[in-house]
Amino acid sequence: MESTVSMDMLVSLCKRRGFIYQSSEIYGGLASAWDYGPMGVELKNRVQNFWWREMTQLHDNIVGLDASILMHPRVWEASGHVENFTDPLVDCKKCKQRFRADQIPEDNMQTHTCPDCGGELTDPRQFNLMFRTHLGPVESDGSLVYLRPETAQGIYVNFKNVVQTARMRVPFGIAQVGKAFRNEITTKNFIFRTCEFEQMEMQFFIHPSEDEKYFEQWKQERFEFYTKMGIRASRLRFHQHGPDELAHYAKIAFDIQYEFPFGWKELEGIHNRTDYDLRRHMEYSKKDLTYLDDLREGERYIPYVIETSAGLTRTVLTVLADAYDEDEVEGEKRVVLRLHPELAPITVGVFPLVKKDGLAELAQEVEQDLRQDFATFYDQGGAIGRRYRRQDEIGTPFGVTIDYQSKEDRTVTLRYRDTMEQVRVPIAELCDRIRRAIREYRRTG
Ligand code: ATP
């Protein structure tokens, strides 16, 4: 039976076990800003590495990039963000609350009444979501810069550099992971929508005639990425953008949505951005960003771009929500995170059955050896069942227990988190066994 998780249960687990804390908590917190604790940073890094491996290591025509957050302000004029990256806002004259006009129920918009207090609403005004700051000591118009609202532009402005220095030929992609900032009006649902977040984006440059083919290909591949990560397919679906949802740069767009505890919501966007961005950067920078295609008899053109744009922090929430499960072991409730073994913050827990009689020493020796290859955690305190349970709760896929027999024949028990099956394994074979189990999981999901 699938158990369903509430956001309260998730938030509480994340706090209790050091995944995610409220930002600046000792000062009462900062709205919608979150910090990743010892377990959370491991999980986030592993999700990122999983994506990076999928997108770069497993494709010989995709390379990486790490562009800066602050860019020349003209970039955001060229990209259309200064003009178009806005949300329509309405204010309640009575309770002074601010809402996104497109998120207010139709009835309230028609009657101009606040959905919270019934007060009168103002007409919608456009509000730009980009954060502004100043570069250098003088706060003047000339020093205005923006915190990037998407990582994509760092890729487009480096298009020529990558072609020339990494000798990439169309079709090829550039992948990047990094922070993005949006002054969102309504932030809620934990880390789902925050003003500071991380994106994992890959921009794929193609000949304009091949846009439909590559769009379809990336759409499928990106969907499969999530099932490979262990997310159940029944909670994933596509949503095609209607004409009024399409971003200013997009010809066609599909979202991959996940069924979160608060409903179906976007996890990743796949967009056909055409030659919009490169063309605009050519106009604004006056630099030639056309591409000379030696495979197409020297045809010169501005490549089209198929963009796959995923939220890293939003994927972390997805992975947690999907992995959360509760079952019963010996009459006791067990919380277990059924994380893909490559995403779990700790891969192997090592436990001496008791501390005395040399078992702790042997267990430490085993752990020291395993930690060369895996993220390990050594725990010798309390009943063994409780120690297993603590690891289940943070998703540790393997547990190794050292008992009296281990001293005699150098074998240990290897326990699997999901089935709770225990098998006897020689210490000398442990590493291999665990590695094979992880590979098997990657193959079968
Ligand atoms: P939304 O409609 O939810 O505001 P969007 O369509 O503007 O999102 P994109 O610009 O396509 O989102 O961004 C790509 C991805 O970046 C999204 O699919 C999401 O995973 C992530 N993302 C966007 N905004 C946020 C945010 N405020 N907080 C966390 N992740 C975000």
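These numbers come from the heavy atoms of this one structure, side chains and all, not from hydrogens, waters or symmetry mates. Counting starts at 1 for both ligands and their atoms, following the listed order.
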Student: Quick check with a 6.0 Å cut-off and a 45 degree axis cone: is Lys265 positioned over the face of Phe260's six-membered ring?
Tutor: no
Student: Relative to each other, are the rings of His281 and Tyr156 parallel, tilted or perpendicular (30° and 60° limits)?
Tutor: tilted
Student: Considering only heavy atoms, does Gln199 approach ligand 1 within less than 4.0 Å through its side chain, its backbone, both, or neither?
Tutor: side chain
Student: Please state which protein non-hydrogen atom is closest to atom 21 (C) of ligand 1 and give its distance, to 0.1 Å?
Tutor: Gly311 CA, 3.7 Å
Student: Hey, which atoms in ligand 1 end up nearer than 4.0 Å to a heavy atom of Phe192?
Tutor: 28 (N), 29 (C), 30 (N)
Student: Please identify which atoms of ligand 1 are closer than 4.0 Å to at least one heavy atom of Ser309.
Tutor: 13 (O), 14 (C), 15 (C), 18 (O)
Student: Quick check: does Phe197 get an N/O under 3.5 Å from an N/O on ligand 1?
Tutor: no
Student: Tell me every residue that passes side chain to side chain contact (heavy atoms under 4.5 Å, CB included) with Phe181, counting only those two or more places apart in sequence or in another chain.
Tutor: Ile69, Phe131, Leu147, Lys179, Glu196
Student: For atom 17 (C) of ligand 1, which of Glu268, Arg193, Glu266 has the closest heavy atom?
Tutor: Glu266
Student: Look only at the side chain of Asn158 and the backbone of Gly154, and say whether a donor-acceptor pair between them is shorter than 3.5 Å.
Tutor: yes
Student: Is it the side chain, the backbone, both or neither of Arg182 that has a heavy atom closer than 4.0 Å to ligand 1?
Tutor: side chain
Student: Which ligand 1 atoms does His271 reach within 4.0 Å, using its non-hydrogen atoms?
Tutor: 11 (O)
Student: Applying a heavy-atom cut-off of 4.0 Å, say which part of Glu184 lies close to ligand 1: side chain, backbone, both or neither.
Tutor: side chain
Student: Is the number of heavy atoms from other residues, nucleotides or ligands under 6.0 Å of Arg439 CZ greater than 12?
Tutor: no
Student: Checking a contact table here: which protein heavy atom is nearest atom 28 (N) of ligand 1, and how many Å away?
Tutor: Thr194 N, 3.1 Å
Student: With only distance considered, is Leu267 within less than 3.5 Å of ligand 1 through an N or O on each side?
Tutor: yes
Student: Does Arg338 reach the main-chain N or O of Tyr324 with its side chain, forming a donor-acceptor pair under 3.5 Å?
Tutor: no
Student: Please name the pair of heavy atoms, one in Thr151 and one in Glu201, separated by the smallest distance, quoted to 0.1 Å.
Tutor: OG1-OE1, 2.6 Å
Student: Would you say Glu201 touches ligand 1, if touching means a heavy atom closer than 4.0 Å?
Tutor: no
Student: Quick one: sort the His81 and His248 rings into parallel, tilted or perpendicular, breaks at 30° and 60°.
Tutor: perpendicular
